[in-house]
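The sequence lines fix the lettering, A, B, ..., with proteins before strands; numbering per chain opens at 1. The basis for the numbers below is simple: all heavy atoms, side chains too, and nothing from hydrogens, waters or symmetry mates.
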Amino acid sequence: MTVRTRFAPSPTGYMHLGGMRTALFNWLWAKKNNGQFILRIDDTDQQRNLDEALAPILHAFKWLGLHWDEGPEVGGPLGPYFQSQRGELYREAGERLIANGKAYKDFDSPDAIKADREAAEKEKRNYLNVRRSLELTADQIAKHESDDLPYVVRLLVPRDRTVAIEDAIRGHVEWNCGLIPDPVIQRNDGSALYNFATVVDDAALQITDVIRGEEHLTNTAIQVLIYDALGLDLPRFAHIPYVAAPASKEKLSKRKLDKYEKHRAFRKLFEQAERLISQLGRSKDDRLNPVLVSFYEEVGYLPAGLLNSLVRLGWSLDDKTEYFSLDDMVRQFSLDRIIKSPAGFDPDKLLDYQSHWINELTIEARTELCLPYLLEAKLIKSSDTDSRAFVGRLIVALGDRLKVASDILDHSDFFTADSALPFDEKAFKKRVLKVGAPELLAKFRARLEATESFDAGSLDKLMHDFVETEGIGIGDIIHAVRVAATGKGNGPGMFDCLELLGQSACLKRIDRALAKASAAMES
RNA sequence: GCCCCCAUCGUCUAGAGGCCCAGGAUGCAGGAUUCUCAGUCCUGAGACAGGGGUUCAAAUCCCCUUGGGGGUACCA
């Protein structure tokens with residue numbers, strides 16, 4: 001039988017990291033088995049602007065390259081793939097269960113149920129439905145119905161048995177049905193509840209493997225009873241642990257950001273977002289929430305980096321392999337190597353995967369990633385051949401300093417006008433305002449002006465000759481040159497920086513630094 | 001309260017009775033390289049939640065405790 005897995009998001013308007021990890025495991029398992037991955041939209045509570053709420057979710061899948069075989073936009077033979085359009089199926093299944101005596105119409109008011117529950121609690125007794133509606137005669141039921149007395153449909157739980165599954169991750173899990181109250185499967189208006197709709201849909205969509213978060217493990221008891229009542233075969237279940245927040249075993253949550261902000265590793269993510277906000281003049285929006293997939297796309301992470309990080313949350317191949325491309329994952333993924341305990345999302349580890357994968361990229365590919373940020377920041381005017389070439393050279397010089405695409409914004413000094421270059425005050429003071437430094441800088445400037453060749457190699461030689469004739473160490477001059485030319489105390493190799501800037505820019509910038517230095521000396 | 005699940009370095013994990021005074025990765029600290037930063041290389045600190053069993057032998061199996069999580073809805 002072909003393996004068919006599914007991911008069933010509610011159209012919430014965003015894609016959570018934890019949900020994405022669940023989706024990834026489903027996708028991988030399907031692909032690994034040459035099966036199909038289905039996207040079903042659980043839009044039971046009739047949203048008004050469905051498209052708007054769904055778009056970011058579909059976009060996240062597309063961005064990561066996790067394409068679905070059936071679902072929204074692509075359709076498929078077993079559609080529709082929206083629960084809101086499958087009401088007829090649930091109604092039909094509900095009627096069948098009532099006809100079979102596997103479910104019943106419960107005319108008890110919510111208040112009556114509540115009273116039963118409270119009474120049980122008071123007596124420290126486990127609550128079970130009193131099932132008064134089961135005592136009703138056919139005539140009484142007909143009367144209630146003609147009176148339009150509201151009712152819900154409840155599954156009649158067989159209290160004398162147990163229900164068990166062989167979970168692919170947890171192994172044998174068993175429940176005593178004598179402890180399970182009869183769950184509502186259909187509301188008064190005929191709409192289906194989650195546990196019911198899910199079973200009907202998973203069966204209709206021929207899902208063979210249900211891989212989902214462990215928060216659904218308890219639901220599974222009820223769902224298995226529904227499968228049984230409907231005479232359906234059980235899929236294989238795999239309940240994976242949730243993705244936890246840093247420094248806790250709590251579920252990673254979209255709403256607990258201020259807590260994560262205090263976490264050392266997480267703070268790096270917030271800083272990346274702040275860089276976008278300050279350098280691109282963006283406003284703070286929901287997409288820049290590091291619990292959401294959109295954050296990583298916005299900041300310039302690679303799908304490969306995020307994917308690698310997600311797959312390693314709760315899954316490993318062996319005791320040493322850390323880096324997995326999507327193809328590697330498809331080849332090597334397996335359910336039996338998923339761990340049972342929750343895994344905390346670690347931004348440090350993500351950054352390591354990210355820098356691994358970005359360094360696998362060609363310079364051209366990295367350039368393409370960085371250009372949009374430079375354009376948005378107005379550091380370059382267009383992405384023409386010249387800009388591409390220049391950015392490419394910068395990226396070569398940056399080497400593995402460039403970890404996420406928006407890191408390019410940290411190197412605006414290569415793009416700003418010479419007359420507007422900001423100097424890092426601390427570095428300036430330390431390197432340029434040092435005794436004797438301006439004099440050396442001025443002398444070296446003269447050499448820079450006189451030289452014919454301005455490539456890194458020649459500049460290196462030029463500097464060494466200079467150092468030798470002056471009888472100083474290279475450290476006595478190179479830092480001052482760096483600060484004068486780039487405004488900063490650190491960065492790529494100094495000679496690469498000078499070459500990138502070019503002769504005239506370097507001279508202008510050094511002049512500006514010298515002027516600033518003499519002004520500072522006087523005061 | 002009741003039911004279910006989980007428990008190895010800060011973090012991600014390897015480990016399915018002897019290979020483990022517990023291995024890798026990341027992070028951290030120190031050193032080397034170097035013009036800074038990043039990287040690279042080397043070194044270091046760092047864990048089997050606790051208690052009972054079973055066994056010649058337990059991180060691994062069983063029980064209890066503790067801790068964490070989930071469910072207990074006319075949410076999904």
Side-chain angles (χ1 to χ4, degrees), chain A residues 8-10 12 42-45 83 106 110 113-114 117 120-121 124-127 150-154 167 169-171 173-176 179-181 183-189 191-195 197-198 212-222 239 241-242 244 246-251 263-265 309 312-323 337 339-353 355 359 398-403 407 410 427 430-431 460 463 467 473-483 486 488-495 497:
Chain A
S10 294
T12 51
D42 282 10
D43 56 342
T44 45
D45 31 67
Q83 283 195 330
D106 185 359
I113 300 286
K114 199 177 159 212
R117 188 169 265 131
E121 204 172 305
K124 297 194 174 184
R125 162 170 63 77
N126 192 62
Y127 169 75
Y151 65 85
V152 293
V153 178
R154 287 185 188 274
D167 191 277
I169 295 163
R170 322 249 152 202
V173 185
E174 198 176 278
W175 297 268
N176 176 359
L179 264 18
I180 304 174
V184 174
I185 57 177
Q186 273 182 306
R187 295 186 185 91
N188 185 46
D189 64 3
S191 61
L193 268 88
Y194 167 75
N195 276 321
T198 294
R212 61 182 16 163
E214 65 177 320
E215 61 270 25
H216 291 291
L217 186 57
T218 322
N219 287 329
T220 309
I222 291 165
H239 288 93
Y242 58 89
S248 80
K249 287 291 176 200
E250 277 174 50
K251 204 160 154 182
H263 189 262
R264 195 194 55 78
S309 158
R312 289 285 291 97
L313 290 176
W315 179 84
S316 66
L317 176 67
D318 53 31
D319 61 341
K320 46 181 83 67
T321 317
E322 288 288 342
Y323 302 113
R337 290 202 58 85
I339 206 171
K340 295 174 183 174
S341 50
F345 172 65
D346 183 357
D348 275 331
K349 209 90 180 165
L350 166 66
L351 203 58
D352 179 63
Y353 295 125
S355 73
N359 280 302
L398 286 173
D400 39 34
R401 291 172 190 82
L402 185 86
K403 291 183 173 163
D407 281 346
D410 290 339
K430 183 175 174 197
R431 303 300 194 183
D460 193 339
M463 168 79 68
V467 161
I474 194 163
D476 296 328
I477 175 66
I478 195 163
H479 302 297
V481 178
R482 171 189 293 284
V483 174
T486 69
K488 298 190 301 191
N490 58 40
M494 222 280 297
F495 303 110
C497 291

Task: Base-contact (B) and sugar-phosphate-only (S) positions in nucleotides 26-33 of chain B, heavy-atom cut-off under 4.0 Å, - elsewhere - done: SS------
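- Pairing for B:rA29 is with B:rU43, a Watson-Crick or G-U wobble pair whose two hydrogen-bonding atom distances lie under 3.5 Å.
- Not one N or O on the side chain of A:R212 forms a donor-acceptor pair closer than 3.5 Å with the backbone of A:L217.
- Within the 4.0 angstrom heavy-atom criterion, only backbone atoms of the sugar-phosphate kind lie near A:E250; the bases stay farther away.
- Listed candidates were B:rC35, B:rG39, B:rG23. Nearest to the side chain of A:D400 is B:rG39.
- Put simply, the side chain of A:S316 never gets that close to the backbone of A:R312: no donor and acceptor are under 3.5 Å apart.
- Counting only distance, with no hydrogens or angles, the side chain of A:D42 and the backbone of A:S10 share no donor-acceptor pair below 3.5 Å.
- In this structure, of B:rA76, B:rC3, B:rC5, it is B:rC3 that holds the atom nearest to the side chain of A:L179.
- Side-chain atoms of A:R187 and A:S191 include a donor-acceptor pair closer than 3.5 Å.
- Evaluation of atom-type donor-acceptor distances gives a pair under 3.5 Å for the side chain of A:E322 against the base of B:rG24.
- Atoms CZ (A:F495) and P (B:rC35) sit 8 Å apart, rounded to a whole Å.
- Comparing B:rA14 with B:rA57, their P atoms sit 28 Å apart, to the nearest whole Å.
- The interatomic distance linking A:H263 (NE2) with B:rU11 (C1') rounds to 7 Å, in whole Å.
- Panel note: side chain A:N188, backbone A:Y151; a donor-acceptor pair is recorded below 3.5 Å.
- Not less than 6.0 angstrom separates the ring centroid of A:F345 from the ring centroid of A:H263.
- Comparing B:rC6, B:rC35, B:rC74 against the side chain of A:R170 picks out B:rC6 as the nearest.
- Side-chain atoms of A:D318 come within 3.5 Å of backbone atoms of A:T321 as a donor-acceptor pair (strictly under, hydrogens ignored).
- Partners of A:R154 by side chain to side chain contact (heavy atoms under 4.5 Å, CB included), not counting sequence neighbours, listed by chain and number: A:Y104, A:D106, A:I113, A:N129, A:V152, A:D182, A:V184.
- Side-chain nitrogen and oxygen atoms of A:K403 include none within less than 4.0 Å of the OP1 or OP2 phosphate oxygen of B:rC37.
- For NZ of A:K430, the number of neighbouring non-hydrogen atoms (other residues, nucleotides, ligands) closer than 6.0 Å is 12 at most.
- Listed candidates were B:rG23, B:rC6, B:rC37. Nearest to the side chain of A:R401 is B:rC37.
- Annotation: B:rU40 and B:rU26 have their P atoms spaced 8 Å apart (nearest Å).
- Among the protein residues, A:E174 comes within range of the sugar-phosphate backbone only, with heavy atoms under 4.0 Å from sugar or phosphate atoms but none that close to a base.
- Computed from coordinates, the A:W175 CH2 to B:rC3 P distance equals 14 Å when rounded to whole Å.
- Scored by the side chain to side chain contact (heavy atoms under 4.5 Å, CB included) test, A:A343 finds A:L313 as partners (sequence neighbours excluded).
- Listed by chain and residue number, A:I169, A:R170 satisfy the side chain to side chain contact (heavy atoms under 4.5 Å, CB included) test with A:K340 (two or more places apart in sequence, or in another chain).
- Comparing the C1' positions of B:rC48 and B:rG23 gives a spacing of 13 Å, expressed to the nearest Å.
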Between the protein and nucleotides 70-72 of chain B, are there any N/O to N/O pairs under 3.5 Å, and if so, what are the atom names and distances?
| from | atom 1 | to | atom 2 | distance (Å) |
| --- | --- | --- | --- | --- |
| B:rG70 | O2' | A:E215 | O | 3.4 |

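- With a 3.5 Å ceiling on both atom-pair distances, B:rG17 lacks any Watson-Crick or G-U wobble partner.
- Rounded to whole Å, the separation between the C1' atoms of B:rG31 and B:rG50 comes to 39 Å.
- Nucleotide B:rC2 has B:rG71 as its partner under the Watson-Crick or G-U criteria, with both atom distances under 3.5 Å.
- B:rU8 and B:rU13 have their C1' atoms separated by 9 Å, with the value rounded to a whole Å.
- Distances were taken from every side-chain heavy atom of A:D42 (C-beta onward) to each of B:rU36, B:rA76, B:rC74; the shortest belongs to B:rA76.
- If you check distances only, the side chain of A:R482 does reach the base of B:rC35 with a donor-acceptor pair under 3.5 Å.
- Residue-to-nucleotide proximity on RNA chain B shows that, of A:G475 and A:V184, the 5′-proximal contact is made by A:G475.
- If you take atom C1' in B:rC21 and the same atom in B:rC63, they sit 27 Å apart, rounded to whole Å.
- B:rA47 and B:rU60 are spaced 15 Å apart, taking the C1' atom of each and rounding to whole Å.
- Side chain of A:Y242 to backbone of A:E250: no donor-acceptor contact under 3.5 angstrom is found.
- Although no hydrogens or angles enter the test, the distance criterion places no donor-acceptor pair under 3.5 Å between the side chain of A:D348 and the main chain of A:A265.
- Spacing of P atoms, B:rA32 relative to B:rG68, comes out at 46 Å, to the nearest Å.
- Heavy-atom nearest nucleotides on RNA chain B were determined for A:Y151 and for A:S316, and the one closer to the 5' end corresponds to A:S316.
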Measure all distances between protein nitrogen or oxygen atoms and nitrogen or oxygen atoms of nucleotides 43-46 of chain B, and list the pairs falling under 3.5 Å.
none

